[in-house]
Every structure is written in C-alpha cells, then in structure tokens.
Amino acid sequence: MRIAYVFLGAFLAIAQSAYAEVASPPVLAPLKRQAQAAELSAQFLSRYSYKPVPLDDALSARIMDGFIKSLDPDRMLFLQTDIDRFMADRSKIDDAIERKDLKIPFAIFNAYEQRVVERMNYARGLLKQSFDFSAQENYSVLRDKAPWPQSEAESNELWRKRVKSDWLRLKLGGKTDAAIRETLDKRYENTLERAYKFKSDDVFQSFMDAYSTSIDPHTDYFGAAASADFNVSMKLSLFGIGAVLQERDDYTTIRELVPGGPAQLSGKLAVGDRITGVGQGKDGAIKEVVGTRLDEVVQMIRGKKGSVVRLDILPADAGADGTHRVINLVRDKISLDKQAARKTVLSVKAGDATRKIGIITLPVFYEDFEAKRKGDQDYKSASRDVAKLLDELKQEKVDSVLIDLRNNGGGSLDEAIDLTGLFIGNGPVVQQRGSDGKIEVKSAELAAPVWTGPMGVLINRGSASASEIFAAAIQDYGRGVIVGEPSFGKGTVQTVVDLDQIVRNSKPEFGELKVTIAQFFRVNGGTTQLHGVTPDISLPGLSDPTSFGETSYDNALPWAEIKPANYTPADTEATLLPTLQSRHDARVKSDPDYQRLLQDIADLKAQREKGVISLNEAERRKEATAREKRFKDRAQAGDGEDLGDDGLEAGERSLSADIAIENARKNAKDVLLDETVAILADEADLRQGVLKAATKESGNTNGK
C-alpha cells in the first residue's frame, strides 16, 4: 500500500498551496476483484471478439487516450503538465492489466478528482466579483481538440470565461445578480460534492469503458450495478415501488408515480416528496439516505416481489425541518410502460379522401429473456405488443401503419426479426457473418403477416442496430416506405458474457462483457454498418453526423458486402416513390412549420460550426431579441410557445417548472411526424389508385 501512495503522490503534488484550505477528495485505490476482472476481460476480448485486438502497446495507448477523454472531454480540468505525466505510462497499461495492477488508471482518476475540487473552488471564488459584460470577449464551446492549459494561470483564465458565460446566460434569462450568484454557487458546489462521492467501482467502470470501446465502439463492460440496469431495460420490468426518482439538492425526490404501482396505489406519496431514509421489512432499521447517491438509494428500494420496504418521507411542501412520516410499501412487479410500444391514430387529407394513419412508437426492441426461458406464456416483448396494437388498428380501420423508430437504439435481434415477420410473414430478414466467416441467414417464420396494408418506417440518426435491421428488411422487400434521416450505422452483433460464469464464481464479482461477435448484412447483401439505412424520402435532422453515429468513431468496422439472400422483393414501392417524392417536395415548400424547422437546423449548424459564443451582453441581447421575434411570430401562427433559455440546468428549476417544460416539449408540434403521416396518406391513396386500375383492367380483360 505504501508503494501505491508514493505513486499517487507524483500525480497529486500539483498546486496544493493555493488550495491548502480545501479538504482533498478521498484517495481511491483498486480492489483485488477489479484487477482480476480486468485481466479476465483482456483474455476474453483478445481471443473471442469478431475482430480480435491484441492487448499490446498500441491498444494501451488507445485506452489511455480514451480514459483521459472520458474524464476531461473539453480539456477544462487537466493541465498540460498532468497530461505529460500521464503519457509517460501510455504504453504500460497492457502490461499492468496482465500483472493485475490498476494503479495507473486510479492515479489518473485521483488527479482528476483533485482538479475538479480545485476548479470548482476557483469557480465559486469568482462569484464574489463582478463581470464586465461590455468587453469584447468570446468563449470557446468546442474544446475537445483544444490544447490543455499550459499553466494554472491559463486554466484560471479559461474558467473565468466559463463562469462569465454561465453568469451571462442566467442574466439574459432575467435573473438578478443575487439569484445568479446563488444558482451558480449551488451548481459548482454540487459538482464539487460529487467528487467526494466517487467510489472505487466508479473508477473501474470508467477505465473498463475506455478499454472495451478501444476494441470497437460497441463492446462494453458492465460492473454489477450497470449489469442490473441493462437487464432491467431489456425486461421492461423490475420489483420496486413504481416511482421515477431524481436527485435534487441532496434529496432523492419523487419525480413521477407509475400508474398502478405500489406508490401510486398507496395514496401515501406525491410528486415532489423526498425520501430521507430507507428500511427493509416491516421492522428493519431505517438508514438515512440524504446525500446518498441516487443509484445506491434505488438499489435499496428494489427487492424481492412481495417484500416490504419502509420509506421515511419529507413531504414536498415541508421545509427541511418539517414533520416526516414513515410509510410501508409492498414491492411488486413494475412494468416500465414508457418504454413499451404505444399507438396513436391521425387523420390527414390525401387527394379527395381523408386517410387514417395508425402510428406505433417503439422506443426499444425489448424482450423479457428470463420470463421467456422459464416458459411464461405472457412474457413481455416488443413484437408481441406491436402485434396486439396492429389488431387494434385493424379494428379502427386505419389506411396505413407507421412504425416510428426515432431514437430507438436497438435491443433484441430476435425481436427485430419477429417484428419484420408481422409485415412480411415468412422469409429471410438478416444475414449474420461470424468471426469464422460463416454466414447464417435468420428468417421470420410467421405463416402470414399480421398487417398486409400500406406501411412505412420513420427513422433518424438515433435509430440503430435492431431498428436498422427492421428498416432495411422492409426497404429491401419493398414492403413499405422508409422516411427520415440516414440511420446510425451500427451493423454489428453483440452478446453478453457473464465473467463470473466463465470462472464458475459462486457470487457476482467480475461483472459482464458485451462483446462484438458478428456482423449484420441485409438480405440484399449490403450491410447497415457505417452507412446505415438511407431513407426513400429524406427529412432534415438536428443531429451532427460528425459527432453522432458510426462514422464518428475512428475504430468502426468498414462497410462490406456479401451475396444476397434468397428473397422476393415487391416493386410497388419503387413505382410509387417518384410521385411520393414530388408530392412531398410540393407540400413542404409551402408548409411554414417545415420551413421554420429548416431554418432552425441551419441556425444550429451555423452555431456548431462557429464554436464560440460572445460574452458581450449587447451582442447576446441582440441575438436573443431576434430569436424571440422569430418565436413570437411562430406563436401568433399557432406554432407553440418559445421555451426560451433561462440559463438553468437540469435540477435547478423547481420540480413543477421542470415538469411543465417537459410537457410543453412533448406537446410541441412534431413537424417531421406530421409530414411522414402525410407521405403515408399519399402512399395509401396511390396504392388504392393502383388497385382500382388493376381491378378495372382485370374487368376489361374478363369482358373481352
């Protein structure tokens, strides 16, 4: 242990004198199980990945770079002298992992904690002064490739501009100097306090994230807690109280009550109530949780179905010294319905008819693997839920169905295949090539499709993996029209490996690996990797392809092509597309909402490329006035309200204000969805025209 402290000291002996009055954050050290997990992960990743990457000096350098970037992405914390010191060990991480020695990443993280403490205390000190907003100064908001500060003085100047920028945003939002000072002081204090709450597992998770993504962008490591969260997201269920929780001012606060959950049914809890203590069982001692990390409180509240959890509650309307109450709740299975498939129906004019379009929104391709394995006949899955919704839409006599996969990052491959089957019935959906080069064709096996009418898929840059498999299959079969942005471009297959099972460990210690084992190929032979799915009809998007999507990764697998699968595409969509495109072009040209969206996207792109903001109040007010006028004109045209920029961050407003803003955003006009619905209405109209023409032709032939 003494050697470790000598090693750490080399990194922590940085500018201590100026901050001698501030307590240093805890010095974190690696645990034996973490070193074992890292070494075990290295053995697996270097042998069994789709494209195995040896743990050598080159990979060591990538891990180091990735780890430092994850800690200081904007290069606002470390000094160049810190980086120089870290780089001396840049090629040693591989040897250290093999020796089961994690002192290098822990030393870097401890230096990071110290820098956070220093910078936050410096930022808080700046709040005592006044800023000159008449000066002509700019602040760079794009610093990911900027040089690290060369000295403490240079870092101080950087942070002076950062604090000045934060202050100006709040001032433009209408806050008084006193309110600004209080808000920013609390903001920086919260960041400071988090530095004292880090634990050894946090360091290890960050380091393993850097290691795993150095192999390829979609290889991941899950510690025990992260593994549990991943499994919950796939099952869409857990045993708990049915409440969405949020950390606010050191309190675990109830953000939302899940309808039908124990918390809502009890009638004893309300939004805004604060959980100050948690006890297990009817008589278990209550442990205070004020100031405790949210993830730890969540773990305490979760438990076995039917068991009792006791909560010490400080009501939403009570002061800090108000009267508490203790309630008992029985844990039950909670369905996370927000992530489940849901439907709406919109009516739109197309030609001389009004068309009803059924919209199914699917946020993730979920499947309760465990319930399915156990033979539960009613297990939760995306394709099962969508099949039920399609039956309901048939009853409502919709003319077309839209599957909205925007920001659906994927999930279960089986669910993507089964979902495709709902629209094509039986046939190949995706091809998969393993590391051995063997190709397996995976098919849908429904006797007949559930929906045979017109349909479409709406995608954006956030549609990835399973979403791309589904959209690509629908496109290759000519089954429906694909609308939106080019998708993410993730064409690789991952599997989850339990490291404890590999070594026959009786208790969970080492975590899990999500490892890339294969690559997806479309039934037409191409891959969704890198290029993604190109829509039949393109819509604009707000995302930046240089920073979001497969093309933004420097170690992404290249695009490739294999032989097409044996499938029979329809040509109906191809014949309709030119007309659909021309109708779309004509419609959006005269749609003020669509044109305003294009203007917003252009403004955002220009702002991104500019990379700097002015710290001159007059200039910023001029920009704000122009923005307010634009939104005022929109409001008068019935296009919602301007939410503005109040300068506050998440958790700094009152809970009711936060919820009101979220609801306003949810209720804002969805221009892209409206246009997609119009496209599908056109498609239904054109298909009916084709059907009538074919029927008429058939009748003429029979008449002859």
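Computation of the quantities below employed the complete heavy-atom set of this structure, encompassing side-chain atoms and omitting hydrogens, waters and symmetry-equivalent molecules.
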Evaluate side chain to side chain donor-acceptor pair (under 3.5 Å) for Q299 paired with D295, printing each intermediate quantity in order.
CA-CA 6 Å; Q299 290 300 324; D295 59 338; over 6 Å; no

Steps toward side chain to side chain contact (heavy atoms under 4.5 Å, CB included) verdict (L172, F133):
CA-CA 11 Å; L172 294 173; F133 293 110; over 6 Å; no

Apply salt bridge (Lys or Arg N to Asp or Glu O under 4.0 Å) to D82 and R85, showing your working.
CA-CA 5 Å; D82 301 330; R85 199 174 286 116; 3.7 Å; yes

Any chance you could lay out the side chain to side chain contact (heavy atoms under 4.5 Å, CB included) test for Q280 and R310, step after step, and finish with the verdict?
CA-CA 6 Å; Q280 307 300 329; R310 302 171 72 214; over 6 Å; no

Worked check of side chain to side chain contact (heavy atoms under 4.5 Å, CB included) between L168 and E617
CA-CA 7 Å; L168 182 54; E617 183 177 354; 4.1 Å; yes

Quick one: do E182 and R187 satisfy salt bridge (Lys or Arg N to Asp or Glu O under 4.0 Å)? Show the steps, please.
CA-CA 9 Å; E182 181 181 356; R187 182 184 299 178; over 6 Å; no

Assess whether side chain to side chain contact (heavy atoms under 4.5 Å, CB included) is satisfied between L192 and V117, documenting all intermediate values.
CA-CA 6 Å; L192 183 65; V117 170; 3.9 Å; yes

Evaluate side chain to side chain donor-acceptor pair (under 3.5 Å) for T252 paired with R274, printing each intermediate quantity in order.
CA-CA 6 Å; T252 297; R274 291 155 288 180; over 6 Å; no

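The side-chain hydrogen bond (donor to acceptor under 3.5 Å, both in side chains) test applied to D65 returns R90, not counting sequence neighbours. Looking at residues two or more places apart in sequence or on another chain, you find no side-chain hydrogen bond (donor to acceptor under 3.5 Å, both in side chains) involving E113. For F78, the ring-ring contact (aromatic ring centres under 6.0 Å, His included) test picks out F86, with sequence neighbours left out. Here R33 pairs with L31, Q36, D201, E509, F510 under the side-chain contact (heavy atoms from CB on, under 4.5 Å) rule; sequence neighbours left out. Judged as a side-chain contact (heavy atoms from CB on, under 4.5 Å), and not counting sequence neighbours, the contacts of K197 are E247, D250, R293. Under the side-chain hydrogen bond (donor to acceptor under 3.5 Å, both in side chains) criterion, E609 pairs with K605, not counting sequence neighbours. R124 is linked by a side-chain hydrogen bond (donor to acceptor under 3.5 Å, both in side chains) to D185, counting only residues two or more places apart in sequence or in another chain. Applying the salt bridge (charged side-chain N to carboxylate O under 4.0 Å, His left out) rule to R143 yields no partners; only residues at least two apart in sequence or on another chain are considered. When the side-chain contact (heavy atoms from CB on, under 4.5 Å) test is applied to K287, the partners found at least two apart in sequence or on another chain are M300. By the ring-ring contact (aromatic ring centres under 6.0 Å, His included) test, F198 is found to be paired with F109, residues two or more places apart in sequence or in another chain being considered. Every residue meeting the side-chain contact (heavy atoms from CB on, under 4.5 Å) condition with P262, not counting sequence neighbours, appears here in chain and number order: D332, I334.
Inter-residue side-chain proximity for V612 and V141 is flagged as unmet; no heavy-atom pair is nearer than 4.5 Å. At least one side-chain heavy atom of M76 sits under 4.5 Å from a side-chain heavy atom of L158. Between I313 and T276, every side-chain heavy-atom pair lies at or beyond the 4.5 Å cut-off. No side-chain heavy atom of L314 sits under 4.5 Å from any side-chain heavy atom of V290.
A donor and an acceptor atom, one from each side chain of N407 and N460, are located under 3.5 Å apart.
Between F131 and R160, the closest heavy-atom pair is CE2-O, 4.0 Å. Across all their heavy atoms, S200 and P30 have their closest contact at OG-CA, 4.2 Å. Closest approach of A123 and V163 over heavy atoms only: CB-CG2, 3.7 Å. The shortest heavy-atom contact between A195 and P25 is O-CB, 3.9 Å. Heavy-atom minimum distance, V278 versus I301: CG2-CG1, 4.2 Å. The two atoms that bring A618 and N616 nearest to each other are N-OD1, 3.1 Å, heavy atoms only.
With R620 contributing its side chain and S614 its backbone, the two residues share a donor-acceptor pair below 3.5 Å. In this structure, the side chain of R325 does not engage the main chain of P315 through any donor-acceptor pair within 3.5 Å. Listed for the N110 side chain is a donor-acceptor partner under 3.5 Å among the backbone atoms of L28. When atom types are taken as modelled, the side chain of D74 and the backbone of D144 share no donor-acceptor pair closer than 3.5 angstrom. Counting only distance, with no hydrogens or angles, the side chain of S155 and the backbone of E152 share no donor-acceptor pair below 3.5 Å. Between the side chain of T219 and the backbone N or O of I215, no donor-acceptor pair lies under 3.5 Å. The backbone N or O of R162 lies less than 3.5 Å from no partner atom in the side chain of W167, so there is not a single donor-acceptor pair.
Listed by first and then second residue, the side-chain hydrogen bond (donor to acceptor under 3.5 Å, both in side chains) pairs that reach into residues 206-215 are Q205-D209, sequence neighbours excluded.
Aromatic ring orientation, H218 versus Y553: perpendicular (interplanar angle above 60°, classes split at 30° and 60°).
The side-chain tip of R115 does not point at the ring of Y112 from less than 6.0 angstrom away and within 45° of straight on.
Other residues, nucleotides and ligands contribute at most 12 non-hydrogen atoms within 6.0 Å of the CD atom of Q607.
In summary, E296 and K199 engage in a salt bridge, as defined by a charged side-chain N under 4.0 Å from a carboxylate O. Salt bridge annotation for D166-R169: absent, with no cationic side-chain nitrogen under 4.0 angstrom from a carboxylate oxygen.
Distance check, rounded to the nearest 0.5 Å: NZ of K103 to CD1 of I108 gives 13.5 Å. With values rounded to the nearest 0.5 angstrom, R75 atom CZ is found 8.5 Å from D72 atom CG. Atom OH of Y188 is separated from atom CG of L127 by 6.0 Å, given to the nearest 0.5 angstrom. Atom CG of residue L615 and atom OH of residue Y139 lie 9.0 Å apart, to the nearest 0.5 angstrom. If you take CG on N156 and CD on E118, they are separated by 10.0 Å, rounding to the nearest 0.5 Å. With rounding to the nearest 0.5 angstrom, the NZ atom of K268 is 13.0 Å from the CG atom of D273.
In summary, the aromatic rings of F204 and F106 are positioned with their centroids too far apart to meet the 6.0 Å limit.
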